[in-house]
> 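Here it is, the structure in full.
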Amino acid sequence: MVKYYCCAGMLKSNWDQVCVAFWQRYPNPYSNHVLTEDIIFREVTPTNCLLSRRLLTKTSRAPRWMEPYLPKQMSSSAYIIEDSIVDPQKRTMTTLTWNISHARLMSVEERCKYYINPENGSCTEIKREAWISTTIYGLSRAVQEFGLRRFKNSVTKTMKGFEYVLAKMQGETPSRTLTETATERARETALAAKEKAKDLASQAQKKQYV
């Protein structure tokens with residue numbers, strides 16, 4: 001049994017910019033889980049399409065209930081194959097990714113198509129499809145639901161990472177430096193204040209016993 005999921009997204013940048021950003025999207029603040037990326041092969045077809053295959057290494061923390069089924073040395077990482085074809089004539093880019101690690105336990109195949117927004121040529125549409133399957137008898141539904149939740153979370157990070165890289169390419173200040181950095185600093189300040197309060201309380205308690 002295979003679980004199918006489909007969603008759409010839009011980037012407020014033209015197709016050419018998105019294609020360039022696609023090859024420059026790592027690293028970014030939302031891709032800390034991506035450890036390495038290596039080009040396996042790349043070629044240009046007679047019709048001027050660019051074909052590429054890359055090998056990605058990502059961290060992939062499994063849920064506790066799945067860890068007994070995984071080799072200890074591989075339970076925290078996964079290898080991903082990414083195929084892509086850029087068609088400059090049709091102005092489309094299509095990618096297909098799938099995991100080669102732990103595929104018997106859970107296989108996730110993703111197909112993305114990037115194309116020009118028909119109503120606004122300065123924006124790029126993304127159609128994203130995913131197929132999630134497993135061979136674990138009796139736990140298929142749980143595994144697929146886990147895979148779908150992780151996939152949706154990954155899509156959110158991917159879009160934010162794209163927007164971050166595109167903003168840097170266009171000379172803009174990425175939104176993370178304005179909002180998320182401020183939030184992180186606020187948390188650090190709150191934590192420091194909490195620690196200081198603990199110290200003051202400890203000192204006050206000591207004085208009571210003097």
Side-chain angles (χ1 to χ4, degrees), residues 1-11 18-19 21-43 50-86 92-115 125-165 176 180:
M1 182 178 179
V2 178
K3 192 172 189 66
Y4 174 75
Y5 176 75
C6 181
C7 65
M10 184 177 71
L11 292 169
V18 170
C19 286
F22 178 81
W23 303 111
Q24 300 180 11
R25 68 190 192 279
Y26 302 133
N28 68 70
Y30 304 95
S31 67
N32 294 328
H33 63 294
V34 179
L35 304 177
T36 63
E37 53 175 332
D38 299 283
I39 298 175
I40 298 177
F41 75 80
R42 177 170 289 169
E43 64 180 16
L50 176 64
L51 300 179
S52 302
R53 170 168 286 186
R54 300 198 300 174
L55 174 66
L56 306 176
T57 307
K58 300 182 180 182
T59 58
S60 180
R61 183 66 179 178
R64 290 184 178 180
W65 57 266
M66 190 183 290
E67 288 182 353
Y69 299 95
L70 301 176
K72 291 183 179 180
Q73 70 274 15
M74 296 183 65
S75 61
S76 61
S77 63
Y79 295 104
I80 311 294
I81 294 292
E82 174 194 86
D83 284 353
S84 63
I85 177 169
V86 180
T92 62
M93 176 171 65
T94 304
T95 65
L96 180 64
T97 60
W98 67 95
N99 60 299
I100 57 176
S101 299
H102 325 316
R104 290 186 178 181
L105 299 176
M106 183 175 69
S107 173
V108 181
E109 296 183 20
E110 178 192 37
R111 183 180 185 273
C112 293
K113 183 177 181 180
Y114 301 76
Y115 58 97
E125 290 284 336
I126 305 173
K127 179 182 178 181
R128 196 182 305 271
E129 298 175 282
W131 295 263
I132 304 169
S133 61
T134 180
T135 59
I136 300 181
Y137 181 76
L139 293 175
S140 60
R141 179 172 296 181
V143 172
Q144 289 174 342
E145 290 299 329
F146 164 76
L148 181 58
R149 287 195 301 271
R150 174 168 286 186
F151 179 79
K152 289 180 177 179
N153 183 57
S154 176
V155 169
T156 300
K157 290 182 178 180
T158 297
M159 294 298 288
K160 288 184 177 181
F162 246 124
E163 292 168 353
Y164 181 91
V165 173
R176 179 182 172 86
E180 297 185 36

> Testing the basics here: between V2 and S133, what is the closest heavy-atom pair and its distance to 0.1 Å?
CG2-CB, 3.9 Å
> Using side-chain heavy atoms (C-beta onward) and a distance below 4.5 Å, is L11 in contact with I126?
yes
> For the atom pair CG (L35) and OG1 (T59), what is the distance rounded to the nearest 0.5 Å?
5.5 Å
> Taking atom CG of D83 and atom CZ of R54, what is their separation to the nearest 0.5 Å?
11.0 Å
> Restricting to non-hydrogen atoms, name the atom on S84 and the atom on T95 that form the minimum distance, rounded to 0.1 Å.
CB-CG2, 3.9 Å
> Using the six-membered ring wherever Trp is involved, compare the ring planes of Y5 and F151 and label them parallel, tilted or perpendicular (cut-offs 30° and 60°).
perpendicular
> Rounded to the nearest 0.5 Å, how far apart are OG of S154 and NE2 of H33?
5.0 Å
> May I ask you to decide whether E82 forms a salt bridge with R25, counting only side-chain N to carboxylate O separations under 4.0 Å?
yes
> Please round to the nearest 0.5 Å and tell me the distance separating atom NZ of K157 and atom OH of Y30.
11.0 Å
> Check for a donor-acceptor pair, side chain of T57 on one end and backbone N or O of Y79 on the other, with a separation under 3.5 Å.
no
> Which heavy atom in F162 sits nearest to a heavy atom in V18, and how many Å separate them?
CE2-O, 3.8 Å
> Quick check: closest heavy atoms across N99 and V108, and the distance to 0.1 Å?
OD1-N, 2.8 Å
> Salt bridge check: are E145 and K3 linked by an N-O gap of less than 4.0 Å?
yes
> May I ask you to establish whether R150 and F146 are in a cation-pi arrangement, using a distance under 6.0 Å from NZ or CZ to the six-membered ring centre and at most 45° from the ring axis?
no
> Which atoms form the tightest heavy-atom contact between G147 and M106, and what is the distance?
CA-SD, 3.5 Å
> Rounded to the nearest 0.5 Å, how far apart are CZ of R111 and CZ of R128?
12.5 Å
> Less than 4.5 Å apart, side chain to side chain, heavy atoms only: is that true for N153 and R149?
no
> Rounded to the nearest 0.5 Å, how far apart are CD of E43 and OG of S52?
9.0 Å
> Is there a side-chain contact between L55 and I81 (heavy atoms, below 4.5 Å)?
yes
> Name the one of T97, I80, D38 that satisfies side-chain contact (heavy atoms from CB on, under 4.5 Å) with L56?
I80
> Is the CZ atom of R42 crowded by more than 12 outside heavy atoms at less than 6.0 Å?
yes
> Please check: side-chain N/O of T94 versus main-chain N/O of I85, any donor-acceptor pairing under 3.5 Å?
no
> If every non-hydrogen atom of W23 is compared with every non-hydrogen atom of C19, which pair is closest and at what distance?
CD1-O, 3.1 Å
